[in-house]
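In what follows, a single structure is set out as structure tokens and then discussed.
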Amino acid sequence: PVAGVVSEIGVEEGGAVAAGRRVAVVSVPSATTSAGDSLAAIGKQIAVRRDSVERDANAQRAMLDVQQSAMARQRSAMESELASLEAEIVANREKVEIARALWQKLAQLREGSYVSELQVKEKEMEVIERTSALRELDRQVSGLRREMAQLDQSMRELPLRAGATDAERRRDLAALEQESIESAANRQVAILAPADGVVSVQIAKRGESIQAGQPILSVLQANSRLE
């Protein structure tokens with residue numbers, strides 16, 4: 001490997017490794033490296049992750065905007081339905097009062113035998129049916145008002161969710177910026193196993209400085225050495 005400091009050992013002595021598996025990481029100060037390929041690759045990865053954070057945040061914000069528009073349309077439809085129900089209640093309440101007044105009038109006329117018992121009973125049934133219908137409308141209004149209250153609560157929560165999304169995006173971008181700054185000062189090189197085998201000796205320890213070409217682990221596989 002290149003000269004630097006062993007920052008990570010991923011396999012202990014006696015552990016099995018597969019070809020291509022990361023077995024160690026070496027931190028290399030950028031001031032001591034002549035090639036900038038690895039540093040450029042790290043910078044590219046950070047840029048890709050930054051774009052991903054922005055895309056995810058924009059997608060979440062767009063989804064919240066869609067939800068807000070849908071809730072606003074639903075709220076408008078509920079308001080129209082509520083106005084219609086309340087108007088129907090007013091009309092039905094008037095009809096109930098008229099039917100009750102006629103029923104009472106017929107009941108008085110029945111005493112003088114001016115109307116039949118059947119006519120009185122029919123009007124009484126009309127009063128009962130209209131009163132039942134009025135109560136059902138009241139129940140519908142109460143249920144609709146509860147739904148509207150729940151919807152209003154959800155609409156109030158949307159700005160909070162949008163704020164949380166923006167805050168998370170800023171935190172992620174700040175972390176990537178810090179990572180970019182740290183990578184500019186100190187890049188890391190992953191050391192991969194060249195073949196399947198078993199780690200026989202851990203030559204370098206975590207935190208130990210190594211020189212270019214100095215082996216870190218010895219892997220038993222046709223006497224090969226991992227460098």
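Nothing here was measured: the structure is a model prediction, and the numbers come from that model.
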Verify same cluster id: Met155, Leu160 (apolar side-chain graph, 4.5 Å):
no

4.5 Å side-chain heavy-atom contact, Leu217 and Ile203:
no

So, taking the atom named CD in Glu126 and the one named OG1 in Thr131, what distance separates them when rounded to the nearest 0.5 Å?
10.0 Å

Measuring from atom CG of Leu151 to atom CG of Leu144, what distance do you get when rounded to the nearest 0.5 angstrom?
10.0 Å

Close side-chain approach of Val120 to Val115, heavy-atom, < 4.5 Å:
yes

Can you sort out the partners of Asp166 under side-chain hydrogen bond (donor to acceptor under 3.5 Å, both in side chains), two or more places apart, ordered by chain and number?
Arg61

Between Glu124 and Trp103, the two heavy atoms sitting closest are CB-NE1, 3.3 Å

In short, salt bridge (Lys or Arg N to Asp or Glu O under 4.0 Å) pairs touching residues 205-214 with sequence neighbours left out are none

Start with the C-alpha gap between Arg50 and Glu54, add the side-chain angles, then the distance that decides, and say whether salt bridge (Lys or Arg N to Asp or Glu O under 4.0 Å) holds.
CA-CA 6 Å; Arg50 183 182 292 113; Glu54 292 285 7; over 6 Å; no

Do you know which two heavy atoms are closest between Ser200 and Leu220, and how far apart they sit?
CB-CG, 3.5 Å

The reported gap from CD in Gln68 to OG in Ser154 (rounded to nearest 0.5 angstrom) is 12.0 Å

Rounded distance [0.5 Å steps], CD in Glu168 versus CD in Gln60
6.0 Å

Looking only at side-chain N and O atoms, does Gln104 offer a donor or acceptor that is under 3.5 Å from a partner on Gln108?
no

Check whether Val201 and Val198 end up in the same hydrophobic cluster, where Ile, Leu, Val, Met, Phe, Trp and Tyr are linked by side-chain heavy atoms less than 4.5 Å apart.
no

Under the salt bridge (Lys or Arg N to Asp or Glu O under 4.0 Å) rule, collect the residues that match up with Glu122, sequence neighbours excluded.
none

Is Gln119 reaching over with its side chain to a backbone N or O of Ser116, donor-acceptor style, under 3.5 angstrom?
yes

Please tabulate, one pair per line, all N/O donor-acceptor pairs under 3.5 Å involving side-chain atoms of residues 75-94, not counting sequence neighbours.
{"from": "Arg75", "atom 1": "NE", "to": "Asp152", "atom 2": "OD1", "distance (Å)": "2.7"}
{"from": "Arg75", "atom 1": "NH1", "to": "Glu79", "atom 2": "OE2", "distance (Å)": "2.8"}
{"from": "Arg75", "atom 1": "NH2", "to": "Asp152", "atom 2": "OD2", "distance (Å)": "3.2"}
{"from": "Ser80", "atom 1": "OG", "to": "Ser76", "atom 2": "O", "distance (Å)": "3.2"}
{"from": "Glu86", "atom 1": "OE2", "to": "Arg145", "atom 2": "NH2", "distance (Å)": "2.4"}
{"from": "Asn92", "atom 1": "ND2", "to": "Glu88", "atom 2": "O", "distance (Å)": "2.8"}

Can you tell me how far CD1 of Ile128 sits from NZ of Lys121, rounded to the nearest 0.5 angstrom?
8.5 Å

Are Met71 and Met148 in one and the same hydrophobic cluster, where Ile, Leu, Val, Met, Phe, Trp and Tyr link if side-chain heavy atoms are under 4.5 Å apart?
yes

Contact summary for Gln214 and Ser209, nearest pair of heavy atoms:
OE1-O, 4.4 Å

Sorted by chain and number, sequence neighbours left out, salt bridge (Lys or Arg N to Asp or Glu O under 4.0 Å) with Glu136 holds for Arg139

To the nearest 0.5 Å, what is the distance between CD1 (Ile210) and CD1 (Ile216)?
4.0 Å

Would you be so kind as to tabulate the donor-acceptor pairs closer than 3.5 Å made by side chains of residues 3-14, with sequence neighbours excluded?
{"from": "Ser7", "atom 1": "OG", "to": "Val25", "atom 2": "O", "distance (Å)": "3.2"}
{"from": "Ser7", "atom 1": "OG", "to": "Ser27", "atom 2": "OG", "distance (Å)": "3.3"}
{"from": "Glu8", "atom 1": "OE2", "to": "Arg22", "atom 2": "NH2", "distance (Å)": "3.2"}
{"from": "Glu13", "atom 1": "OE2", "to": "Gln202", "atom 2": "N", "distance (Å)": "2.9"}

Hey, quick one: are Leu106 and Val96 part of the same hydrophobic cluster, counting side-chain heavy atoms closer than 4.5 Å, chains of contacts allowed?
no

For the pair Ser52 (side chain) and Val48 (backbone), establish whether a donor and an acceptor sit closer than 3.5 Å, ignoring hydrogens and angles.
no

Ala193 and Ala18 have their tightest heavy-atom pair at CB-O, 3.4 Å

